[in-house]
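Heavy atoms only: backbone and side chains are in, while hydrogens, waters and symmetry mates are out. Here is the naming used below: chain letters follow the sequence lines, and residue numbers restart at 1 for every chain.
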2 protein chains.
Amino acid sequence: MRENHLPVYTRADEAFDCLQTAIVKGELAPGEKIGELELCTRFNLTRGPLREAIGRLESRGLLVRRPHAGVKVVAVSAAELMELYLIRETMEGLAARQAAERMTDSEIADLQATLDAHEQMIDEAQGQAYYQAEGDYDFHHRIATGSRNTKLAQMLLGDLYYMVRMYRYRLSTSAGRPHRALGEHRRIVEAIAQRDGELAEFLMKRHINAARRNIEKQIQDGVLTI
Amino acid sequence: MRENHLPVYTRADEAFDCLQTAIVKGELAPGEKIGELELCTRFNLTRGPLREAIGRLESRGLLVRRPHAGVKVVAVSAAELMELYLIRETMEGLAARQAAERMTDSEIADLQATLDAHEQMIDEAQGQAYYQAEGDYDFHHRIATGSRNTKLAQMLLGDLYYMVRMYRYRLSTSAGRPHRALGEHRRIVEAIAQRDGELAEFLMKRHINAARRNIEKQIQDGVLTI
DNA sequence: AAATCGATTATTGTCAACAAAGCAGCAGTT
DNA sequence: AACTGCTGCTTTGTTGACAATAATCGATTT
């Protein structure tokens, strides 16, 4: 009778992780057609577990399958990326509201501590937008789980974030934005600490809206190509 | 070069459909532990495709798997069902707003026509809440696709609705609600026809909120047990 | 008598061979 | 010269057998 249910990794889980990170990191380019046995040799897997993983990823919308004709990585257009941000706006707004109602005091304290860490990271590594991106991810991750809304967290963490991160990897956050974003994060946490759900929702929506407009501008300026 | 890509059904697709409908219809009860080979004999499948389907359904949150210990249908608590409705509220609000901006005139006309059909169904089969439930599903389905937001539609149609429908099957919509719901539907479509996205969003959110409170009340009254 | 440890059994995870379907190249015809 | 139909090949879909793991039941010990 094992009490400690530490995650038992099956080959299928392994395959899932390998594929997912490869897609997110851009090692498998969007639109690229991928062969099964090619992936098998690449990740040291057999086709059974791999196919299970492909099924899961297809269900999550990261892969597109055409029966008997192969699987390819989903290609998201600029317009679709913008729509992803619209979805994030509403869903994370809800998450922030629920987080304000449900996060424990210690969780909020932790969140504030991570923001301090993020600030230091930004100061130390100026221009190293990567850290900010990871920090940003961390922040939103905590709010999603803090909402205590199982399905909401699942949809945000399991579906949306992977698609967003997939495009995060190739976009350099514009110079001034990290500091601005951090300020916005602070105000959201303040609202949560004051248990002001409505305000937290409003601020979160505005925050993501700003991020969306930022990317939109970069695309229009030709800085970011999709 | 085949032009007409009619859906090619593989065994895995078949397995997926079988399992999904069985879960939604309650033939596989929530919490019930299901064995693979039992399902194989039941649906005339082999384990390969079945496992692929299980992987997909697990990824969608309808099944819960514990490695080496089997798969069971997810059991959603009353509280979680309420949170599902909170998610629907925000997401379908967004869908209604985008639908107001993007649906074609003929799509809107079609939508109005289906509402007329629903009204007739309700009048003819009084108390037959089933038709209303299906009609309701149809309505929300059209709005979701009408948003032209691929990911949003995918999340609503592929994830949330199946979970909601799973619990719809066992709840009898209270007597007065079908007519009220139809009225709400009409006002939403009106807003869409007038291309008033904000209003459509507001009305849709209120509509789903009302549905949620209706179920909440039924649960409290003991009419509906989960 | 209760509890724990161990062997058995049933079930899941994995693999490799088989069948089927699409794709590409070639040849023949129009 | 372009197009259509055939043939062979590659890739995917499927199957059944094999290996590994957890649950169950029984025996032994405290």
Pick from A:T21, A:L50, A:L57, A:I54: which one makes a side-chain contact (heavy atoms from CB on, under 4.5 Å) with A:F16? A:L57
With the threshold set at 4.0 Å, does a side-chain nitrogen-carboxylate oxygen contact exist between B:R11 and B:E14? yes
Between CZ of B:R65 and C1' of C:dT12 the distance, given in whole Å, is 9 Å
For A:F43 and C:dC15, give me the distance from atom CZ to atom C1', rounded to whole Å. 19 Å
I need the residues from residues 47-63 of chain B with at least one non-hydrogen atom less than 4.0 Å from DNA chain C; give them sorted by number, or say none. B:R47, B:R51
Using whole Å, report how far CD of B:E36 lies from P of C:dT14. 11 Å
Closer to the 5' end of DNA chain C via nearest nucleotide, is it A:H68 or A:T46? A:T46
Apply side chain to side chain contact (heavy atoms under 4.5 Å, CB included) to B:K151 and list each qualifying residue two or more places apart in sequence or on a separate chain. A:L84, A:I87, A:D159, A:L160, A:M163, B:N149, B:Q154, B:M155
To the nearest 10 degrees, the angle between the two end axes of the helix from C:dA1-D:dT30 to C:dT30-D:dA1 (five pairs per end) comes to 20°
What nucleic acid atoms does B:L45 come within less than 4.0 Å of, heavy atoms only: base, sugar-phosphate, or nothing? nothing
Under the side-chain hydrogen bond (donor to acceptor under 3.5 Å, both in side chains) test, which residues partner B:N44, sequence neighbours left out? none
Set of residues satisfying side-chain hydrogen bond (donor to acceptor under 3.5 Å, both in side chains) with respect to A:T145, sequence neighbours excluded: none
Under the side-chain hydrogen bond (donor to acceptor under 3.5 Å, both in side chains) test, residues paired with B:D13 that sit two or more places apart: B:T10, B:R56
Check this for me: does any side-chain nitrogen of one of B:E52 and A:R65 sit under 4.0 Å from a carboxylate oxygen of the other? yes
What is the distance, to the nearest angstrom, from the OH atom on A:Y9 to the C1' atom on D:dA22? 20 Å
As a quick check of understanding, evaluate side chain to side chain contact (heavy atoms under 4.5 Å, CB included) for A:D136 and A:H207, giving each step before the final call. CA-CA 11 Å; A:D136 189 75; A:H207 169 59; 3.9 Å; yes
Taking the side chain from A:R195 and the backbone from A:A100, do they hold a donor-acceptor pair closer than 3.5 Å? yes
Atom CG of B:D13 to atom C1' of D:dT14: distance rounded to whole Å? 13 Å
Side-chain N or O of B:R66 closer than 4.0 Å to phosphate OP1/OP2 of D:dT21: no
Find the distance A:N44:CG to C:dC15:P and express it as a whole number of Å. 10 Å
What is the distance, rounded to the nearest whole Å, between atom NZ of A:K33 and atom P of D:dT10? 13 Å
Note: for A:P67 and B:G70 on DNA chain C, the residue whose nearest nucleotide lies more 5' is B:G70
CD of B:E38 versus P of C:dT11: gap in Å, rounded? 9 Å
